[in-house]
There are 2 protein chains.
Amino acid sequence: MTTSDWLQELQAERSRLGRASTAGRVADVLRTRITEGSLAPGTRLSEEDIGTALGVSRNTLREAFRLLGHERLLVHEFNRGVFVRRLTVADVRDLYELRRILECGAVRRAAERFSPGSSPVSDERWTGLLDPVRSAVEEGEAAAGEGRWVDVGTANMHFHQAVSALAGSPRVDEAMGHLLAELRLVFHVMAAPQAFHEAYLPGNRRILELLAAGDLAGAESAMAAYLDAAEAQLVAAYGEAA
Amino acid sequence: MTTSDWLQELQAERSRLGRASTAGRVADVLRTRITEGSLAPGTRLSEEDIGTALGVSRNTLREAFRLLGHERLLVHEFNRGVFVRRLTVADVRDLYELRRILECGAVRRAAERFSPGSSPVSDERWTGLLDPVRSAVEEGEAAAGEGRWVDVGTANMHFHQAVSALAGSPRVDEAMGHLLAELRLVFHVMAAPQAFHEAYLPGNRRILELLAAGDLAGAESAMAAYLDAAEAQLVAAYGEAA
DNA sequence: TATTGACGGATTGTTCAACAATCGGTCATC
DNA sequence: GATGACCGATTGTTGAACAATCCGTCAATA
């Protein structure tokens, strides 16, 4: 291991050090509360109450609110305060519109980059990119087998994050991360989220196999079909809840 | 004009009222400074100096900094301050990777929505969606004819924003808006930005004509070719500057 | 000479208290 | 029943203060 390897490893851990910001940690706490569903959509977050409860000043708390506002988990209404985002059916549709573009686009771009004519299965960069996808699929199947339903949902998120990472673009990764966080707000309206997520496990594996076999066009249309089905199911559930 | 029309028009102007926030206006001022290039990348923005110059408190200024940080125009280094973002060649490449996915994806999705088999030219929703694209093309040609080179660049932005709007997705629109704002940081390193932008006017018109004729697949590949060419040109210029 | 360690000014991170502006609801008025 | 005036509560913004951190300088040491 050379010196530059050491330095590179250290650089990778720098992000953990930078997390020292108080506002960032406050945002972390609130983010988990929101995505886990213990803060219902529409709830108003009082600056004073939360500030005293967490022991931070109003200014710092407002900074945390801004962070979550940019992730679309909170909405900020001028002179009225911040609220946990309440998604409409139109939001759900739009979220899936963006998913179609990002996820299918990621597969398509991977196809253009790795297999201009031939199959990418022999490219080791490709197989390396595929490892996280495979991990996510296995993670989901293992969780389902042991009845850890919450983890099935998490694994599903990891799967789609890994697929979008096929584009090899940090900005696509980040956009996908925000999108999935926003989607967690939607999943809580499902009456039976466990069944919802479990139903897509075979589809995920199939997409993985298509990717591994180098059939990127097939993977893209399988993903499109998955997104159409999931959107329809969510929109229907949303109509009932409203 | 019915009552609901009135209300709808008023609602469209609501965003202008919401801009009453001091931090938002400060962010506006700084944003124009940055995108117009009078604040060079890498410049450090002192809280005290700018705060006193603009007559706002440090807390409010920091809130404005956060806004611009989320738009990636500023980078915030802990305990060191905020700096005008300095983009690397890797950033430029990534920006174009995302553009490929968003812009080509928008055209592709428009194709899937409007012409499942047949041409969309008879659909009036389609022609309505195309109007902003046409306006942007004409705006650019007019500006070039009168030598208003800055406006040529602006028109080019409008063109690509309008194309991405073909997806009909607010979130795609917003992502594209942020992306283009970030790209303005890049254009300033070009020695002759006027020639750079002007060269793509015929290409823009050609894409418009393909779209208007209903040849969405042709438009998509023309857009991909445009993006490849622009990226190569920018990366080359970036290599020289560095 | 090159590296290390200590010092000090400058800047940012965070908190606090205060006041102005605005919102939401209540009540009286017409 | 609609309008307008009032009032408590909350947010928007400010200014000041102190702690923590960074950066450059300079002396000490090998």
Side-chain angles (χ1 to χ4, degrees), chain A residues 3 6-7 10-11 13-31 34 39-40 42-70 73-86, chain B residues 3 6-7 10-11 13-31 34 39-40 42-70 73-86:
Chain A
T3 306
W6 266 92
L7 295 177
L10 280 181
Q11 198 171 14
E13 298 204 21
R14 211 173 61 177
S15 60
R16 227 167 293 172
L17 288 177
R19 266 284 175 232
S21 153
T22 311
R25 277 173 303 170
V26 170
D28 286 343
V29 171
L30 295 177
R31 189 184 300 108
I34 295 172
L39 278 172
T43 307
R44 178 165 153 275
L45 272 48
S46 159
E47 293 187 354
E48 178 132 7
D49 294 353
I50 299 187
T52 57
L54 264 57
V56 297
S57 82
R58 273 180 63 207
N59 285 326
T60 303
L61 186 60
R62 288 162 69 87
E63 183 154 340
F65 282 169
R66 289 278 183 189
L67 283 171
L68 296 171
H70 187 253
L73 296 180
L74 300 180
V75 288
H76 183 150
E77 299 188 18
F78 197 77
N79 275 319
R80 291 204 41 203
V82 298
F83 302 80
V84 179
R85 174 149 209 148
R86 177 178 280 150
Chain B
T3 305
W6 265 94
L7 294 177
L10 280 182
Q11 199 171 13
E13 299 203 22
R14 209 174 61 179
S15 59
R16 229 167 293 172
L17 287 178
R19 267 284 176 234
S21 152
T22 310
R25 277 173 305 173
V26 171
D28 286 342
V29 171
L30 294 177
R31 189 184 300 109
I34 295 171
L39 278 172
T43 308
R44 179 166 151 273
L45 272 49
S46 159
E47 292 188 355
E48 179 130 7
D49 294 353
I50 298 187
T52 56
L54 264 55
V56 297
S57 82
R58 267 181 69 206
N59 283 324
T60 303
L61 186 61
R62 286 165 69 87
E63 194 146 327
F65 283 168
R66 277 171 237 147
L67 284 171
L68 297 171
H70 295 152
L73 296 180
L74 299 179
V75 289
H76 182 149
E77 298 188 20
F78 198 77
N79 275 321
R80 291 204 41 204
V82 297
F83 303 79
V84 179
R85 174 151 207 146
R86 177 178 281 151

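Naming: A, B, ... by sequence-line order, numbering from 1 per chain. The structure presented is a predicted model; accordingly, all values stated were derived computationally and were not measured.
- Note on B:His76: a side-chain N or O is less than 4.0 Å away from OP1 or OP2 of C:dG13.
- The interatomic distance linking A:Arg58 (CZ) with C:dC19 (P) rounds to 14 Å, in whole Å.
- For C:dT14, one of the phosphate oxygens OP1 or OP2 lies less than 4.0 angstrom from a side-chain nitrogen or oxygen of A:Thr22.
- When the P atom of D:dT11 is taken as reference, atom CZ of A:Phe83 falls 9 Å away, rounded to whole Å.
- For B:Asn79 and C:dA10, the CG to P distance is 18 Å, given to the nearest whole Å.
- Spacing between atom CZ of B:Phe78 and atom C1' of D:dC23 amounts to 17 Å, rounded to whole angstrom units.
- Rounded to a whole Å, the CG atom of A:Asn59 is 15 Å from the P atom of D:dA16.
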- Item | Candidate pair B:Phe83 and B:Leu45, rule side chain to side chain contact (heavy atoms under 4.5 Å, CB included), full reasoning | CA-CA 6 Å; B:Phe83 303 79; B:Leu45 272 49; over 6 Å; no
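- No side-chain heavy atom of B:Leu74 sits less than 4.5 Å from a side-chain heavy atom of B:Arg85.
- Between A:Glu47 atom CD and D:dG12 atom C1' the separation is 8 Å, expressed in whole Å.
- In this structure, B:Leu45 places its CG atom 20 Å from P of C:dA10, rounding to the nearest Å.
- Along DNA chain D, the nucleotide nearest B:Gly55 and the nucleotide nearest B:Arg80 are compared for position; the residue whose nucleotide lies closer to the 5' end is B:Gly55.
- Residues B:Arg66 and B:Glu63 are paired through a salt bridge, judged by an N-O separation under 4.0 Å between the basic side chain and the carboxylate.
- To the nearest angstrom, P of D:dT10 lies 15 Å from CZ of A:Arg62.
- Closest contact between the side chain of A:Ser21 and the listed nucleotides C:dT14, D:dT13, C:dT12 involves C:dT14.
- Expressed to the nearest 0.5 Å, how far CG of A:Leu54 lies from CZ of A:Arg25 amounts to 10.5 Å.
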